[in-house]
K.L.:
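For reference, the structure I am asking about is given below.
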Amino acid sequence: MKNENNFSKQPTAVEKTDVLIVGAGIVGLAHAAQALDAGYSVTVIDRDHQAVGASVRNFGHCCITAQSGELYEIAQNGRGLWLDYAQRAGFWAVESGAVVVASTETELQVLRELSGEREAGQVELLSAQQVAAHLGRSGTEGILGGARLRDDLRVDPRTTVATLAAWIDAQPRGQVLFNTSALGFDAGEEARAVVNTSRGRIAADQVFVCVGHDVDYLFPQLAADHQIRRCALQMARSEAKPELDLSPAILTATSMLRYEAFTLVPSAAKLREEVAARSPQLLAAEANIMFTQRPDGSLLLGDSHTYELTQTPFLNEKTSSHLLEAIEEILGAGQLDIAERWQGIYASSAVGPLLVADVADGVTVVSVTAGVGMTLSFGLAQRNVAQRLTDSRQLAY
């Protein structure tokens, strides 16, 4: 990235850019990419030296098909953008779809009901043999059938954000400045807003504050009003198994309890009762038993969910064991060797899954307050850039 000497040593000096993004996670970078494509100069700042937040701690699964309502529209609008930027920036992305494994008749009925609501081919019902083939299994024990979610995408969460940030920084009107914290926001003179940072002042006509669950660090009352809590996940990565070649993301009954497209169908309540009776430990952990395979062959495994204003860093080993046992049973490939465990954290809110708030002239806070930040990032950025930037504004370059 461009070096820190871009800033004057004089605290009164002001650097000027059309658009300033606070936060170099996937939501912030999506806003930066869209603003660049609209013809604006863009500066991105991030307090860390590299991405370490929700954007690198997830499954790399753009869960488009399982969204509903406004979120479905945003996700579908962003799908083509994901593929476009993957090609232009050079990060890995595949139109893999997702496969939902069904082990009971109720699970199959939920899938049938969703399939009946969607256009032909978007939710394709699968036989037990077809599901087993996706899992690389020769037998179908424990599998009754399933469904393929056609529109889902996969990216590599460990490399996507860094590659996209480097691409943005390489553009003539773009720069990304890590190790640079936002400290406060003022009204501007030559521009609508000025952001005081740990390396100087930056003036911009539009600021997008995209700091995920850390909204309360900068705007505590806004975070309180939107009831933002930190959702913590227990996740793991297994060593590669040469015999496994999983193209789609793999979801299960617990996944169907977490995504609104499934929870809105008539049989959803019965499914919850069934999972509670069969696997109470998974329901207690608010588990989403799912996994994806990275390009290097390792598997991203998860996950559980807890909600607090501040999360302690400690992982529950029983929860980790329950998650791993359930995944090993679905795969039917023996024991998985765990290479890493970690705690994921994202913003969650009972008020709603999106926070888009204009907190001052030219300053907009954007946070996806649900576990679908990757899924919505580019579609949400497209909408926000279109609504808050106009061609008539004076450009800085």
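Atoms considered below: every heavy atom in the structure, side chains included; atoms not considered: hydrogens, waters and symmetry mates. Along the sequence shown, residues carry numbers from 1.
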K.L.:
Walk me through it: do Leu164 and Phe91 pass the test side chain to side chain contact (heavy atoms under 4.5 Å, CB included)?
P.N.:
CA-CA 7 Å; Leu164 181 58; Phe91 59 81; 4.3 Å; yes

K.L.:
Hey, which of Leu29, Val366, Val215 is the one that makes side-chain contact (heavy atoms from CB on, under 4.5 Å) with Cys210?
P.N.:
Val366

K.L.:
Would you check, one step at a time, whether the test side chain to side chain contact (heavy atoms under 4.5 Å, CB included) holds for Thr140 with Gln129?
P.N.:
CA-CA 6 Å; Thr140 61; Gln129 291 77 16; 4.3 Å; yes

K.L.:
For atom CD of Glu189, is the number of surrounding heavy atoms from other residues, nucleotides or ligands below 6.0 Å larger than 12?
P.N.:
no

K.L.:
Are Thr104 and Arg278 packed together at the side-chain level, in the sense that at least one heavy-atom pair is separated by less than 4.5 angstrom?
P.N.:
yes

K.L.:
Establish, for the pair Arg57 and Tyr346, whether the NZ or CZ atom is under 6.0 angstrom from the six-membered ring centre and no further than 45 degrees off its axis.
P.N.:
no

K.L.:
More than 12 heavy atoms of other residues, nucleotides or ligands under 6.0 Å from CD of Glu141: yes or no?
P.N.:
no

K.L.:
Would you say CD of Glu243 has more than 12 non-hydrogen atoms from neighbouring residues, nucleotides or ligands within 6.0 angstrom?
P.N.:
yes

K.L.:
Hey, is Arg383 close enough to Glu73 for a salt bridge, meaning N to O under 4.0 Å?
P.N.:
no

K.L.:
In the structure I gave you, are the side-chain heavy atoms of Ser68 and Leu264 within less than 4.5 Å of one another anywhere?
P.N.:
yes

K.L.:
Evaluate whether atom CD of Glu117 has more than 12 neighbouring non-hydrogen atoms of other residues, nucleotides or ligands under 6.0 angstrom away.
P.N.:
yes

K.L.:
Just do the side chain to side chain donor-acceptor pair (under 3.5 Å) check on Gln227 and Ser349 with the steps written out, would you?
P.N.:
CA-CA 5 Å; Gln227 299 178 31; Ser349 170; 5.9 Å; no

K.L.:
Could I get the full list of ring pair (Phe, Tyr, Trp, His ring centres under 6.0 Å) partners for His213, not counting sequence neighbours?
P.N.:
none

K.L.:
Are any of the side-chain nitrogens in Asp214 or Arg230 under 4.0 Å away from the carboxylate oxygens of its partner?
P.N.:
yes

K.L.:
With side chains defined as the heavy atoms from C-beta onward, is the minimum distance between Ile338 and Arg341 less than 4.5 Å?
P.N.:
yes

K.L.:
Do the side chains of Val131 and Phe262 join up, straight or via other hydrophobic residues, at under 4.5 Å, putting them in one cluster?
P.N.:
no

K.L.:
Distance check, rounded to the nearest 0.5 Å: Arg272 atom CZ versus Thr263 atom OG1?
P.N.:
8.5 Å

K.L.:
Is the closest side-chain heavy-atom distance between Leu183 and Val195 below 4.5 Å?
P.N.:
no

K.L.:
Check for me, please, whether Val110 and Ile330 land in the same ILVMFWY cluster - side-chain distances under 4.5 Å, paths through other members count.
P.N.:
no

K.L.:
Taking atom types as modelled, find out whether Tyr85 and Asp37 have a side-chain donor-acceptor pair closer than 3.5 angstrom.
P.N.:
yes

K.L.:
Are any of the side-chain nitrogens in Arg192 or Asp205 under 4.0 Å away from the carboxylate oxygens of its partner?
P.N.:
no

K.L.:
Parallel, tilted or perpendicular: which one describes the rings of Phe378 and Trp82, with boundaries at 30° and 60°?
P.N.:
perpendicular

K.L.:
Using the side chain to side chain donor-acceptor pair (under 3.5 Å) definition, which of the options Asn384, Thr364, Asp361, Asp18 pairs with Gln206?
P.N.:
Thr364

K.L.:
List the steps and the verdict of side chain to side chain donor-acceptor pair (under 3.5 Å) for Gln34 and Tyr40.
P.N.:
CA-CA 9 Å; Gln34 282 288 283; Tyr40 296 94; over 6 Å; no

K.L.:
Return yes if some donor-acceptor pair links the side-chain N/O of Asn58 with the main-chain N/O of Gly60 below 3.5 Å, else return no.
P.N.:
yes

K.L.:
Might you work through the side chain to side chain contact (heavy atoms under 4.5 Å, CB included) test for Ile289 and Ile327, ending with a clear yes or no?
P.N.:
CA-CA 7 Å; Ile289 301 300; Ile327 290 170; 3.7 Å; yes

K.L.:
For Phe219 and Phe185, I'd like to know if the aromatic rings sit close, meaning centre-to-centre distance below 6.0 Å.
P.N.:
yes

K.L.:
Find out if a path of hydrophobic residues (ILVMFWY) with successive side-chain heavy-atom gaps under 4.5 Å connects Leu126 to Leu111.
P.N.:
no

K.L.:
Please lay out, stage by stage, how Arg47 and Asn179 fare under the test side chain to side chain contact (heavy atoms under 4.5 Å, CB included).
P.N.:
CA-CA 5 Å; Arg47 69 187 181 191; Asn179 190 213; over 6 Å; no

K.L.:
Please tell me if the side chains of Ser348 and Thr369 come closer than 4.5 Å, counting only heavy atoms from C-beta onward.
P.N.:
no

K.L.:
Hey, any chance Leu251 and Leu233 share a hydrophobic cluster, counting ILVMFWY side chains that come within less than 4.5 Å of each other, even indirectly?
P.N.:
yes

K.L.:
Do other residues, nucleotides or ligands put more than 12 heavy atoms under 6.0 Å from Glu190 CD?
P.N.:
no

K.L.:
Under 3.5 Å, is there a donor-acceptor pair between the His305 and Asn288 side chains?
P.N.:
no

K.L.:
Tell me, with the steps shown, if Thr252 and Thr254 meet side chain to side chain donor-acceptor pair (under 3.5 Å).
P.N.:
CA-CA 5 Å; Thr252 67; Thr254 54; 2.9 Å; yes

K.L.:
Determine whether the side chains of Thr319 and Gln234 contain a donor N or O and an acceptor N or O closer than 3.5 Å.
P.N.:
no

K.L.:
Could you go through Lys241 and Glu328, starting from their C-alpha distance and side-chain angles, then the distance that decides it, and tell me whether this counts as salt bridge (charged side-chain N to carboxylate O under 4.0 Å, His left out)?
P.N.:
CA-CA 12 Å; Lys241 270 185 171 287; Glu328 288 175 339; over 6 Å; no

K.L.:
Report the C-alpha separation of Glu325 and Ser321 in whole Å, then their side-chain angles, then the decisive distance to 0.1 Å, and conclude whether the side chain to side chain donor-acceptor pair (under 3.5 Å) test is met.
P.N.:
CA-CA 6 Å; Glu325 289 167 4; Ser321 296; 5.2 Å; no

K.L.:
For the side-chain contact (heavy atoms from CB on, under 4.5 Å) test, which of Leu153, Ile74, Asp84, Thr375 pairs with Arg79?
P.N.:
Leu153

K.L.:
We want to know whether Glu124 and Gln130 form a side-chain donor-acceptor pair, criterion being a heavy-atom distance below 3.5 angstrom.
P.N.:
no

K.L.:
Would you give the length of the straight line joining atom CZ of Arg148 to atom CZ of Arg150, rounded to the nearest 0.5 angstrom?
P.N.:
8.5 Å

K.L.:
Any non-hydrogen side-chain atom of Thr106 less than 4.5 Å from a side-chain atom of Leu108?
P.N.:
no

K.L.:
Which value, rounded to the nearest 0.5 Å, describes the distance between Gln293 atom CD and Arg237 atom CZ?
P.N.:
12.0 Å

K.L.:
Report yes or no: does Thr197 contribute a side-chain atom to a donor-acceptor pair with the main-chain N or O of Arg199 at less than 3.5 Å?
P.N.:
yes

K.L.:
In terms of hydrophobic clusters joined by side-chain contacts under 4.5 Å, are Tyr307 and Leu282 together?
P.N.:
no

K.L.:
About how many Å separate CD of Glu70 and CG of Leu380, when rounded to the nearest 0.5 Å?
P.N.:
8.5 Å

K.L.:
Closer than 4.0 angstrom, basic N to acidic O: yes or no for Arg294 and Asp296?
P.N.:
yes

K.L.:
Is Arg154 salt-bridged to Glu95, cutoff N-O under 4.0 Å?
P.N.:
no

K.L.:
Given Ser267, which of Gln109, Glu274, Arg112, Glu113 fulfils the side chain to side chain donor-acceptor pair (under 3.5 Å) condition?
P.N.:
Glu113

K.L.:
Closer than 4.0 angstrom, basic N to acidic O: yes or no for Lys270 and Glu105?
P.N.:
no

K.L.:
Could you verify whether a donor N or O on one side chain and an acceptor N or O on the other, from Asp151 and Gln122, lie under 3.5 Å apart?
P.N.:
yes

K.L.:
Does the ring centre of Phe178 sit less than 6.0 Å away from the ring centre of His49?
P.N.:
no

K.L.:
Does any part of the side chain of Thr43, heavy atoms only, come nearer than 4.5 Å to the side chain of Glu15, both counted from C-beta?
P.N.:
yes

